[in-house]
Amino acid sequence: MASSRSSSSVPRPGAGGGGGGGSGSHALFRKDRDRDSAPRHYKPTRSLPDVCPMEPTGDAGRLCDGPSVVADQHRWTVYNSKVNLPAALNDPRLTKRESDFFTKTWGLDFAETEVMPAHYLPNITKEHFSSYLQETSQREKIHERCKNICPVKDELDSASNITNNHDKSRTELEQVPKIFMKPDFALDDPATFNAVLPWSHFSIAGGKGSRDVASSRLLQEKLSHYLDVVEVSIARQISLRSEAFFHAMSSQHDLQDRLRETARAVAALRERMAAVERALCEGPLRVLRQAVARGNCVRLQNKLKLMAAVHQTQPTVQLLLSTSEFVGALELIATTQEVLQQELQGVLSFRHLGSQLCEMEKLIDKMMIADFSTYARSDLNRPLEEDVQVLEKDRLESLVFGLLRQRKLDFLEIYSEEMIMAAKGIVKQCVLNTVSQMEEIDTETVVKLADQMRLMTFVQWFELLRNVFENFNLFLKRIKATLNVIRNVVLEVLDSSQRGKLAEPAVAECRPGPPGPPQPRDSDVAYLTHEGMFISDAFGEPEAPPPGPDARPAPSAPRAPPQPRGEPSCGSDSASGTTESSSSREHAPAGGAGITVSEDMMPSDLELGRVAGNVQELLYTASDVSHDRCVKFLMARAKDGALERLSSSEFVCLSQAVEQFVRDTEELCHRRSVSLQGALQSQANRFVHRFHEERKTKLSLLLDNERWKQAEVPAEFQDLVNSIADGRISLPDRKHTGTEDRKPSDYLTVDGQKYAVVGTVLLLIRIFLEYCQCVNDIPSIATDMLTRLSDLLKHFNSRSCQLVLGAGALQVVGLKTITTKNLALASRCLQLVVHYIPVIRAHFETKLLPKQYSILRHFDHITKDYNDHIAEISAKLVAIMDSLFEKVLSKYEVKAPMPSSCFRNVCKQMAKMHEAIYDLLPEEQTRMLFLRINGSFKLHLKRQLSRLNVVNDGGPQHGLVMVDVAFFTGHIQTLRSLEALDLNMAEIWEQKR
């Protein structure tokens, strides 16, 4: 019923064969050796590739013929397959089996896998073929039309056969009612049962008639026919796929054979391994187990010795504290605590020792802090006259090291507080010592120290100030020496820590012996089980000799646990051993147990570096505190304005003393404190204000009384100017001999030029030299003094302009008129001041910081104002002659006699002008001034000639004018320094057009 051509290629073990498809469903199938040679009869079906092809395995009874990794490494096995059939069949991820599972081609594409896109190939889309499809679309249509007209014969036959078979099968299956094809078909459903077996056709009432029998038989035949149709269809489908199915089954059985062979090989290997273990391992392991047991006994003995040493810790610590040996006591406590935590952890007899040691350590911390506070107080408050810089240096070093070891890094704050209190006491003690030696001050009436200081004279107070400065210098030197000791201890600890870190890798590299497993800790107890655990402990035990009858553990073995620092094994010598060990702590070899404990307790490198920085900051704080106390001392004197009333020399002395103290503290502490300088600057500003107001008032009085006449120059002023020319911008020392015998001169000679000046300008030169001298003595007031000096120069310029150009001197002094001589003299005085402004600027520039150079622009503005003033005076002189020319030449007539009276009058006025300014102004300025006056004269003469219609036509009037012009030219050239002056009188004539 279900026979097919493909079923003949699979032999069946049963004798008969089977018709129907149900007889051989539970049989085992073996793969036919000659199956590959059988011809294929069906073109549409393709055989699947073999999952596990047959390989010769030899005799299965021999162990050496089992699977070999070496022999089979280049042969194909089931592990080389890309798809595993059992895995594909039992895939739990699929809720429903694929419909085409038994029809898909076996191979790489059997299972659905995601193919990753290639990175080196472009992404080809349909648009890439659009141009090709457009070109071939017409030919494709013609080809399809020809195929439809003339189909291929083979394809027609094949298509017709497939179509006939399919139509036949479909027609047969259509005979079966649709109810049998439903997925929910079940006869236990009454509706389904009634539809399949229509009992209504049978009689219910009685008996079985012939009609009922015929209906039952007909129904049975119909159902049998439906069964045959379905079985035939199933057999046809099985026949189409039987070859691939039986191929897969045979491959599965072959795989099972290989697995059984592998299991036999593994069992044989396990038997061999068990024999090797019995022959080679049990005896050596027993030896190693005994060696480990002996090592455990040695460790137990060492533990007992260590416990005996730890038991003596508390008496030893008390003995060390009685001698103030804090470092040794702390070292012993730390070592004991480490031993308790690492070596003796869990020992009940020592369960309270750790807490007791912690309480003792806290007590030592309090004792060290109190001792350091006492030391700082006694060191800072002892008399400054002592030559010893550091008090009890060894005690200080021990205290600092102990505080560092306990991480009490705030001990510098204690020293800072004691330092501030000592600084207050220094000022108070100096004042008391000074006042006690003065009889004129009644200490019973004047109780406060500030009031007593204000009753002193400046000389007495200044001497007290110098004494305070000297005591603070000694105080800072003592603090610096103490802080240097503290800093050296911190740096030594830091250097020791860094050297220890560098030595650790070197010790590890130089350790003898080949590299092997890590050595076990002394506190570990090794156990050897039957699995062979802790075998490395037995190999790593250096002190265990070979087992023998006389073998005893050596008490001085190198692997014995380290004794706590200073703790011997016996109780009587524990104190001495601890003291010696703690004193030689720094000289212990790197890598020892004691150094490791000490380094663990010490602060980190970062914290030590911070402490070293705080030591330097504390020195800076000492300098600032000293300056602050001096500021309060200074302000107590300046409370009622006593410092503002000082003379220039006294204030200079005060400033020099303060600057010297600032320099001394800066050299000592390497930092410049600014509080005292700020207080001095505040007083200096008040002093500068008073200094400036006095000189400005003095200059105003001089200007208001100035009659603007040329003054004689005393010899001392000439010497003053000469010293400025030599580069000495300061007031010279007073000399009572030499200058009184020399006569005063008419001019002030500056750099080879003669200046005719008034008396006010001579005093102005001395005044600005006083400003420069004050800046030399007090450099901190340079900016303020520069501003005040600029204001003074501006005041002189503006006030002289008001008095001369503005004719203010007529009312102030009572002058009748401002003459050309007054104007020329004022111009020359201004030129002298302009000459000295660059000198003053250069001097102030040396006293300023580069960032303060911007204020020097005041001198540029002042120079511009002075030059404008000088130009205005020159213009005023020209304007005087211009008004004269306009008045005289307006009456000029061209007629005999020649030269005319008008030209004689002009020449006379020109001679007076020359006589007035020649001795005051330089020759170059005189020539330039007369060129401008001559230009004004030519302009007015040209206008008058144009008004008279006189032209240069060679006529009589032209000749008369030329006679007057020749007279004017000759008269001007007879004046001194004007002989070569080019007057260019041809410009008086109108140009002919």
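A side-chain donor-acceptor contact under 3.5 Å links Ser800 to the backbone of Asn797. No donor-acceptor pair closer than 3.5 Å links the side chain of Ser496 to the backbone N or O of Glu492. In this structure, Asp371 contributes its side chain and Met367 its backbone to no donor-acceptor pair below 3.5 Å. A donor-acceptor pair under 3.5 Å is absent between the side-chain atoms of Ser416 and the main chain of Leu412, judged by distance alone. Not a single donor-acceptor pair under 3.5 Å links the side chain of Arg466 to the backbone N or O of Glu463. Remark: side-chain polar atoms of Ser623 are not paired, donor with acceptor, to backbone N or O of Leu619 under 3.5 angstrom. Listed for the Gln683 side chain is no donor-acceptor partner under 3.5 Å among the backbone atoms of Leu680. With hydrogens and angles ignored, the 3.5 Å screen pairs no side-chain donor or acceptor of Asp379 with any backbone N or O of Tyr375. For Ser682 (side chain) and Gly678 (main-chain N/O), no donor-acceptor pair under 3.5 Å exists by modelled atom type. Although no hydrogens or angles enter the test, the distance criterion places no donor-acceptor pair under 3.5 Å between the side chain of Asp495 and the main chain of Leu491.
Between the side chains of Ser373 and Arg377, at least one donor N or O lies within less than 3.5 Å of an accepting N or O. Side-chain atoms of Asp664 and Gln660 form a donor-acceptor pair, as typed in the model, at a separation below 3.5 Å. Judged by distance alone, the side chains of Ser675 and Asp624 never bring a donor and an acceptor atom under 3.5 Å apart. Between the side chains of Asp784 and His689, no donor-acceptor pair of N or O atoms lies under 3.5 Å. Side-chain contact annotation: Ser700 with His795, donor-acceptor N/O pair under 3.5 Å present. In this structure, a donor-acceptor pair under 3.5 Å is present between the side chains of Glu706 and Thr760. A donor atom on one side chain and an acceptor atom on the other are found under 3.5 Å apart for Asn722 and Gln718.
Taking the side chain as every heavy atom from C-beta outward, Gln656 and Glu659 never approach each other to under 4.5 Å. Taking the side chain as every heavy atom from C-beta outward, Thr665 and Ser673 never approach each other to under 4.5 Å. Considering only heavy atoms from C-beta on, Phe411 comes within 4.5 Å of Val400 through its side chain. Within the 4.5 Å cutoff, side-chain heavy atoms of Lys393 are placed close to those of Glu397. Here the side chains of Leu762 and Pro714 are in contact, with some heavy-atom distance below 4.5 Å. Side-chain contact between Thr621 and Ile420 is absent, with no heavy-atom pair separated by less than 4.5 Å. Side chains of Lys632 and Asp628 form no contact here, defined as non-hydrogen atoms less than 4.5 Å apart. A 4.5 Å side-chain heavy-atom check between Ser398 and Arg395 finds every atom pair outside the cut-off.
Taking Glu666 as the reference, Arg672 meet the salt bridge (Lys or Arg N to Asp or Glu O under 4.0 Å) condition, with sequence neighbours excluded.
In terms of heavy-atom proximity, Phe475 sits nearest to Ser626 at CD2-OG, 4.2 Å. Among all heavy-atom pairs drawn from Cys801 and Glu872, the shortest one is SG-OE1, 4.4 Å. Closest approach of Val758 and Ala711 over heavy atoms only: C-CB, 4.0 Å. In terms of heavy-atom proximity, Arg766 sits nearest to Phe717 at CB-CE2, 4.4 Å. Residues Tyr620 and Cys669 come closest through the heavy atom pair CE2-O, 3.1 Å. Nearest heavy atom pair, residue Val757 against residue Cys829, reads CA-SG, 3.7 Å.
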| request: Assess whether side-chain contact (heavy atoms from CB on, under 4.5 Å) is satisfied between Met368 and Asp365, documenting all intermediate values. | output: CA-CA 5 Å; Met368 285 193 301; Asp365 291 346; 3.8 Å; yes
| request: Go through the steps to decide whether Phe651 and Phe691 satisfy the test ring-ring contact (aromatic ring centres under 6.0 Å, His included), and finish with yes or no. | output: CA-CA 11 Å; Phe651 195 86; Phe691 180 87; 10.0 Å; no
| message | For a side-chain contact (heavy atoms from CB on, under 4.5 Å) check, start with the C-alpha distance between Phe661 and Val468, then their side-chain angles and the critical distance, and finish with the verdict. | response | CA-CA 10 Å; Phe661 177 68; Val468 170; over 6 Å; no
| task | Start with the C-alpha distance between Ile479 and Tyr415, add both sets of side-chain angles, then the distance that settles side-chain contact (heavy atoms from CB on, under 4.5 Å), and finish with yes or no. | result | CA-CA 10 Å; Ile479 292 177; Tyr415 194 85; 4.1 Å; yes
| message | side-chain contact (heavy atoms from CB on, under 4.5 Å), that's the test. Do Lys698 and Glu693 meet it? Break it down for me. | response | CA-CA 8 Å; Lys698 181 179 180 180; Glu693 291 300 326; over 6 Å; no
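The one candidate from Leu608, Leu403, Val611 that meets the side chain to side chain contact (heavy atoms under 4.5 Å, CB included) condition with Leu409 is Val611. Screening Leu702, Val761, Asp791 against Phe796 for a side chain to side chain contact (heavy atoms under 4.5 Å, CB included) leaves a single residue, Val761.
Between Arg690 and Glu694 there is a salt bridge, with a side-chain nitrogen of the basic residue lying less than 4.0 Å from a carboxylate oxygen of the acidic one. At a threshold of 4.0 Å, the pair Lys864-Asp868 counts as salt-bridged, since one of the basic side-chain nitrogens sits closer than that to a carboxylate oxygen. For Arg841 and Asp860, the salt-bridge test passes: some basic side-chain N is under 4.0 Å from an acidic carboxylate O.
No close placement of the Phe472 and His627 rings is indicated, their centers lying 6.0 Å or farther apart.
A 6.0 Å sphere centred on CZ of Arg857 holds more than 12 heavy atoms belonging to other residues, nucleotides or ligands. Other residues, nucleotides and ligands contribute over 12 non-hydrogen atoms within 6.0 Å of the NZ atom of Lys480. The number of heavy atoms from other shown groups lying within 6.0 Å of CZ (Arg695) is above 12.
Between Phe859 and Phe844, the two ring planes are tilted [angle within 30° to 60°]. Under the 30°/60° scheme for interplanar angles, the aromatic rings of His692 and Tyr771 are found to stand perpendicular.
To the nearest 0.5 angstrom, His843 atom NE2 is 10.5 Å from Leu786 atom CG. For the atom pair CD (Glu392) and CG (Asp394), the distance works out to 9.0 Å, reported to the nearest 0.5 Å. The distance from the CG atom of Leu792 to the NZ atom of Lys794 is 11.5 Å, given to the nearest 0.5 Å. Rounded to the nearest 0.5 angstrom, Leu465 CG and Glu470 CD are separated by 12.0 Å. Atom CG of Leu483 is separated from atom CG of Leu618 by 5.0 Å, given to the nearest 0.5 angstrom. Note that CG of Asp751 is 7.5 Å distant from CD of Gln753, once rounded to the nearest 0.5 Å.
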